[in-house]
Amino acid sequence: MEVYSGDVPLLAVKNLKRSYPGSVSLLTDVSFEIWPGEFVYITGPSGAGKTTLLKLLYRAERAEGGSISFCGKDITALNDASIPYLRRNVGIVFQDFRLIDWFTVGENIAVPLEILGMDGYTIRERTRNVLDRVGLKGYANVMTGKLSGGEQQRVAMARAVVSRPPILLADEPTGNLDQASASAVMDLMESINEDGTAVVVATHDELLLTSRPYRTFSLMGGRIVDVDYKNSERHRKVIEALSMEAA
Amino acid sequence: MSAIMFTLRKLWQNVRHDRTSLVLNVVVLTLTFFTVIVVGVGVVNVDRLTRSIEDQYQVTVYLADDVTLERVNEVAVGLRHVQGVREVTHLDPESFRGRFIEMAGGGIDGIEDVSTDVFPSVLEVNLAPDYREKMDLGAFAGKVSRIDAVESVETHEGWIQQLKGFAGILGLVAAVFGICVLFCSVFIVANTIKLAFIKRQRVVEVMRLFGATRGLIEAPVLLEGCLQGVVGSLAAALLAWALITAVDARIASILGGGEAWSVIFVPVSWVALFVAVCGAVGVIGAHLASARALRV
């Protein structure tokens, strides 16, 4: 999978359709684009299809119609054997963290790097650096089950970004956290975004949407009914920083 | 990190997490494979005993009472020239009685007082093993019995055939048993790995989410199945060797030793082949389980 080339959207979703047997269509006609370095919310009431949309983006589900392009390549046409290579370019964070309880923090974070075939030294270095980054320095050998919810979510975020993917997908990342932990996790998301990683957060937390306003896609009745470009100034700055880095 | 290192690391993490199940499974496999080895060793020893008896096999030619020693020698020389005859030994009545007493263990009261006239004069015709298989013993016995000095000929062919038949059936039963047990072992491994997959569902899920291919997920599991088979079969071989050695020592202490009655273990090359087969059984079992688990 090629990484972003600059002149195409990182993600381009066009006329996406997805329904479940015996139920109404969940996504009937969804279209949007996400550019590198953007911070985007996908919001909507429970059952609106936020999680389904994210699953379609990392190909945990197959679209029934429309297309999704990642770095200019149509991922809806990918065969099953190619899906792992798409996922190596996508960081994913869940509400329930999805950490492996019997692994240490370091072992959990190392999983994406091991899958990429990195050597032991690089894995240790990157793990140490990302732990510093998420404020868990010295936690590498701690069993994950012993951490608080907020700490576990930070480990999950460290695991999601340790392989430096161009995009981070987060499904209700603050849903299981108290106010302070949620705020710390969102600070971390913004910090990751400032480094150039596009961040897509699916949430129905109104407080989050109003306290940290970013471009927001609202899902309702199977369509994106509102695209809010709040805080687009901040995104423009991130893009400028990315362009300077590329130059 | 190479795929091999990744596989070994994940195997270690899996084993560390699920030690009890792994140990239990290896114990079950050890006991299962142990029965196969013991049956195999039994078959090998019965076959060896059969061959040993066959090797000593001889046709007994009973001579007429009034035959002269000169005529006996002529008949013996004639028989020695028949193709396939390895050795011809003459036992006069006195020697025959001595052989009879020796075979009876010397425990028959009053045997010393029995007249030698009661015992026959015989020629023991020892046949070369290679020829014995090819020879028509019935025709050979018929020809020999037509010689004037011969009263009757005993080939013991029926008894030998029965013994060989028994050994053949035993070998067949053992082979069927071994195949059945190995087949069952596939499912023992498959079910254990399937249970392990359920316990490790989160690991598989996370690996898939972060781009692990099916091969990367499956490799540590296949290696685990292989190790279960190899460790189980090696432990079984060691246990069986210890048992056979103890049984051999016990038999030697009762019967006073001797090549014919010793119990031998199977050759090392057979053990190596068995361990390899059990490793393959483990891999097949693990593959069955992972194929089902990864299909979901």
Side-chain angles (χ1 to χ4, degrees), chain A residues 1 54-55 57-60 78-94 96-104 106-124 126-127 143-145 155-156 158-165 168-169 171, chain B residues 1-25 192-224 227-228 287-296:
Chain A
M1 179 70 64
L54 288 190
K55 282 182 174 177
L57 297 183
Y58 62 86
R59 274 300 305 272
L78 285 180
N79 58 25
D80 287 351
S82 302
I83 292 171
Y85 301 99
L86 161 75
R87 292 188 184 161
R88 291 177 190 187
N89 289 282
V90 180
I92 310 167
V93 175
F94 297 94
D96 60 357
F97 323 130
R98 303 213 186 161
L99 296 173
I100 301 161
D101 294 345
W102 61 92
F103 278 19
T104 63
E107 285 171 339
N108 265 287
I109 293 171
V111 169
L113 303 179
E114 289 169 346
I115 290 168
L116 287 171
M118 291 185 179
D119 61 84
Y121 175 78
T122 311
I123 288 174
R124 281 190 297 277
R126 284 228 196 167
T127 302
M143 295 307 288
T144 316
V155 173
R159 180 182 64 184
V161 298
V162 72
S163 58
R164 299 170 189 162
L168 174 66
L169 306 178
D171 190 5
Chain B
M1 184 187 281
S2 68
I4 294 169
M5 286 304 291
F6 176 87
T7 301
L8 292 175
R9 192 173 157 86
K10 288 294 154 221
L11 174 70
W12 163 241
Q13 285 169 341
N14 290 344
V15 169
R16 192 186 64 186
H17 170 241
D18 210 5
R19 257 172 286 188
T20 313
S21 302
L22 183 74
V23 169
L24 275 176
N25 202 37
T192 318
I193 300 274
K194 195 174 153 193
L195 287 174
F197 256 109
I198 293 167
K199 285 184 186 173
R200 299 173 201 158
Q201 211 170 3
R202 177 53 57 87
V203 180
V204 175
E205 182 191 17
V206 167
M207 284 174 72
R208 278 179 149 174
L209 280 172
F210 287 94
T213 55
R214 191 190 169 104
L216 275 180
I217 297 171
E218 208 173 17
V221 178
L222 296 186
L223 187 59
E224 188 179 339
L227 278 180
Q228 286 184 12
H287 177 68
L288 283 179
S290 62
R292 266 179 286 178
L294 294 175
R295 201 184 302 145
V296 181

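Nothing here was measured: the structure is a model prediction, and the numbers come from that model. Here is how names work: the chains are called A, B, and so on, in the same order as the sequence lines, proteins then strands, and each is numbered from 1.
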**Student:** Please name the pair of heavy atoms, one in A:R88 and one in B:G211, separated by the smallest distance, quoted to 0.1 Å.
**Tutor:** NE-O, 2.7 Å
**Student:** Just verifying a value: how many Å separate A:I123 CD1 and B:R9 CZ, rounded to the nearest 0.5 Å?
**Tutor:** 6.0 Å
**Student:** In terms of heavy-atom contacts, does CD of B:E205 have more than 12 from other residues, nucleotides or ligands at under 6.0 Å?
**Tutor:** yes
**Student:** Specify the closest pair of heavy atoms between A:Y85 and B:T213, including all atoms of both residues, with the distance to one decimal.
**Tutor:** OH-CG2, 3.4 Å
**Student:** Need one label for A:R159: side chain, backbone, both or neither, based on atoms under 4.5 Å from any heavy atom in chain B.
**Tutor:** both
**Student:** I need the residue from B:M207, B:R214, B:R16 with the largest number of non-hydrogen atom pairs under 4.5 Å to chain A.
**Tutor:** B:R16
**Student:** Side chain, backbone, both or neither: which part of B:L209 has a heavy atom under 4.5 Å from chain A?
**Tutor:** both
**Student:** Side chains of B:Q13 and A:T104: does their closest heavy-atom pair fall under 4.5 Å?
**Tutor:** no
**Student:** Write down the atom of B:F210, the atom of A:P112, and the distance for their closest heavy-atom approach.
**Tutor:** CD2-CG, 3.6 Å
**Student:** Any heavy-atom pair between the side chains of A:R87 and B:R208 that's under 4.5 Å?
**Tutor:** yes
**Student:** Just by distance, do the side chain of A:R98 and the backbone of B:V206 share a donor-acceptor pair under 3.5 Å?
**Tutor:** no
**Student:** Side chain, backbone, both or neither: which part of A:Y121 has an atom under 4.5 Å from a heavy atom of chain B?
**Tutor:** neither
**Student:** For A:W102 versus B:K199, what's the shortest heavy-atom pair and its separation?
**Tutor:** CH2-O, 3.5 Å
**Student:** By the definition side chain to side chain contact (heavy atoms under 4.5 Å, CB included), identify the one residue from A:D101, A:I100, A:L99 that meets it with B:R202.
**Tutor:** A:I100
